[in-house]
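Below, read A as the first sequence line, B as the second, and so on, with proteins coming before strands; counting in each chain starts at 1. What you see is a predicted model; the values in this text were computed from it and never measured.
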Amino acid sequence: MDVNTKMTPLQARQFRADVLAIVAQIPCGYVTTYGTIAAWAGWPSHSRQVGRTLRYAPESRRLPCHRVVNHTGRPAPGWQRQRTLLAAEGITFKPNGNVDMRRHLWQPPVVL
DNA sequence: AAATTGACGGTTA
DNA sequence: GTAACCGCCAATT
């Protein structure tokens, strides 16, 4: 689709669905970033919308949304429990409290 | 309609 | 390593 035009409501609905589907694929012990998810969903400049989607994502989906951090490895602001959940999966942190992205960053499989 | 906000990304100093 | 910016865009005020 045309990435230079505003999202139609239909596209926004599809985007949110794609975001949730991608999050569901993040393996245990790994994390990915908002920007990565946005790009794989087909809207590379919509990383903020990924964050909004996950914030409003219902618990009933039981998605591993704690495995999504920003590009510096910083956990979501105002959600202290996320760090506990990540640590329980074996995620290691840098001295500054961010996720060690070099070890745990997951990227969706490249389509050849 | 205009300004602000935010679970963000990237560059520069 | 940190901090200050700038770009981004739907939702909210």
Closest-nucleotide ordering on DNA chain C, the 5'-leading residue of S47(A) and Y56(A): S47(A)
Contacting residues from residues 74-98 of chain A, given that a heavy atom lies under 4.0 angstrom of DNA chain B: A76(A), P77(A), W79(A)
Take atom [atom1] of [X] and atom [atom2] of [N], then tell me their distance rounded to the nearest Å.
X	N	atom1	atom2	value
M101(A)	dC8(B)	CE	C1'	12 Å
I26(A)	dA7(B)	CD1	P	18 Å
F15(A)	dC8(B)	CZ	C1'	11 Å
I37(A)	dG9(B)	CD1	C1'	14 Å
L10(A)	dA10(C)	CG	C1'	16 Å
K6(A)	dC8(C)	NZ	C1'	15 Å
H71(A)	dA7(B)	NE2	P	15 Å

Linked hydrophobic residues, L86(A) as query - side chain contacts closer than 4.5 Å: V31(A), V69(A), I91(A), F93(A), V99(A), M101(A), L105(A)
Contact summary for K94(A) and T72(A), nearest pair of heavy atoms: NZ-O, 4.3 Å
Smallest separation among heavy atoms of A24(A) and P64(A), with atom names: CA-CD, 4.1 Å
Between side-chain atoms of residues 13-22 of chain A and protein atoms elsewhere (two or more places apart, or another chain), which donor-acceptor pairs fall under 3.5 Å?
residue	atom	partner	partner atom	Å
Q14(A)	NE2	D18(A)	OD1	2.9

Under 4.0 angstrom between H46(A) side-chain N/O and dC8(B) OP1 or OP2: no
dC9(C) OP1/OP2 closer than 4.0 Å to side-chain N/O of S45(A): yes
Contacts of R67(A) that satisfy salt bridge (Lys or Arg N to Asp or Glu O under 4.0 Å) - sequence neighbours left out: E89(A)
Flag side-chain contact, heavy atom, 4.5 Å: M7(A) against W43(A): yes
Student check: side-chain heavy atoms of V50(A) and T53(A) closer than 4.5 Å: no
P-based separation of dG7(C) from dA7(B) [nearest Å]: 22 Å
Polar side-chain atom of T32(A) near backbone of W106(A) as donor-acceptor pair, under 3.5 Å: yes
Those residues of residues 48-55 of chain A lying under 4.0 Å from DNA chain C by at least one heavy atom: R48(A), Q49(A), R52(A)
Touch class at under 4.0 angstrom, heavy-atom based, for T33(A) against every strand present: sugar-phosphate
Solution key, residues 75-82 of chain A side-chain donor-acceptor pairs under 3.5 Å, sequence neighbours excluded:
residue	atom	partner	partner atom	Å
Q82(A)	OE1	A76(A)	N	2.6
Q82(A)	NE2	H66(A)	O	2.9
Q82(A)	NE2	V68(A)	O	3.0

